[in-house]
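Everything on this sheet refers to the single structure shown next.
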2 protein chains.
Amino acid sequence: MSRQLDEVDRTILREMTSDARQTIRALAATVGLSEPSVRDRLQRLERDGVITGYHAALDPASVDADTTAFVALRFTMSAKAEVNAALAGDPRVLEVHEVAGEDCYWLKVRVAGTGPLAETLDHIRAIPSVTGTSTTIVLRTVFERPLGVDASGPR
Amino acid sequence: MSRQLDEVDRTILREMTSDARQTIRALAATVGLSEPSVRDRLQRLERDGVITGYHAALDPASVDADTTAFVALRFTMSAKAEVNAALAGDPRVLEVHEVAGEDCYWLKVRVAGTGPLAETLDHIRAIPSVTGTSTTIVLRTVFERPLGVDASGPR
DNA sequence: GTTGAAAGAGCATAGTT
DNA sequence: AACTATGCTCTTTCAAC
């Protein structure tokens, strides 16, 4: 179990969530500690698994992925491992959630338009043990943001 | 309109998507160009808006947000602006998509359990013009990954 | 696009409190 | 856990090609 986070840790996480490429020096200036201290804390947060990685966020339109859809996927639940592997191998599938209430997965997929979406669905339906899909197209994404430190105690 | 991406650009994007804190030097080594060139390309990708930011990814459990749910939100569509602002002001709401087929939004929320989820729903339902919600709880997230360069041309 | 060099910024280490 | 000192690495900005 990772240790409790104090205010300094939270500030570091908040800062790195909004700009992961800023320097230790800049971080140290905003949290008000020395560089080695901040570096130690950052490394501890990484080692403890609080920070799981640093990722560049890409503009969907620039990488030909400006069509988003959610796909409810019904399949034989005993074949989970194979289905998971097949989905993980398709880079158009960005998220896979097992949801309550319907014995199925919800996927978030991102593709280059409705044509590629159809191909993606073909590909998904070709996975053995998949029995059906139900797709909801996203007309417009109002916003999307990374998980922050303040998700639990706000408002 | 941003220029077409070549193979080197794609490699840079792929690398920065998987580790956004690596140095220009390391990047240059993997793409096989000089440091100044790689730095120029990276800056161009940032300026052109292909890279929209760099974010630390946090472990949901470590920041008290290990309960995920999707919320279908029905509301008076004429009040979009107010609804958008209210949702944007709630850090537990990570995504908001306008979807086809039902005249509503789909939200992704992340909270510290079912109690906080109930409070979040209370808060959302208290937004003027909201007429109803329908919530689907995520039992398990199989995987989640950042948008990559290969979303369009895979397999 | 390249190399090479020089200056400054940033980082890691060690030693202290 | 925190600090200061120091040496090393990396980046940046030139030049010339």
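Chain letters run A, B, ... following the sequence lines, proteins first and then strands; every chain starts at 1. The shown structure was predicted, so the numbers you read here are calculated from the model rather than taken from an experiment.
In this entry the distance linking CD of Glu35(B) with P of dT3(C) reads 10 Å, nearest Å. We find that CD1 of Ile24(B) is positioned 16 Å from C1' of dG8(C), with the value rounded to whole Å.
What you find for Phe75(A) and Thr131(A) is that their closest heavy atoms are N-OG1, 3.7 Å.
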Can you name the atoms? Protein N/O to nucleotides 13-17 of chain C N/O, anything below 3.5 Å, with the distance.
{"residue": "dT13(C)", "atom": "OP2", "partner": "Arg39(A)", "partner atom": "NH2", "Å": "3.3"}

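Of the candidate nucleotides dT3(C), dT4(D), dT11(D), dT3(C) has the atom lying nearest to any side-chain atom of Ser34(B). Nearest nucleotide to the Leu33(B) side chain, out of dA2(D), dC10(D), dG1(C): dG1(C).
A close approach under 4.0 Å does occur between a side-chain nitrogen or oxygen of Ser37(A) and OP1 or OP2 of dC3(D).
With sequence neighbours left out, His97(A) forms a ring pair (Phe, Tyr, Trp, His ring centres under 6.0 Å) with Phe70(B).
Between Leu13(B) and Met16(B) there is no side-chain heavy-atom pair separated by less than 4.5 Å.
With respect to the salt-bridge test (charged N to carboxylate O, under 4.0 angstrom), the residues Arg21(A) and Glu46(B) do not qualify. Look at Arg14(A) and Glu7(A) and you find a salt bridge, because one of the NZ, NE, NH1 or NH2 atoms lies within 4.0 Å of a carboxylate O, short of that distance. A salt bridge does not link Glu15(A) with Arg41(A): every distance from a Lys NZ or Arg NE/NH1/NH2 to an Asp or Glu carboxylate oxygen is 4.0 Å or more.
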**Study point:** For DNA chain C, the dot-bracket pattern of Watson-Crick and G-U pairs whose distances stay under 3.5 Å, | for other-strand partners
**Key:** ||||||||||||.||||

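Glycosidic conformation at dA14(C) (O4'-C1'-N9-C4 for purines, O4'-C1'-N1-C2 for pyrimidines): anti, more than 90° from 0.
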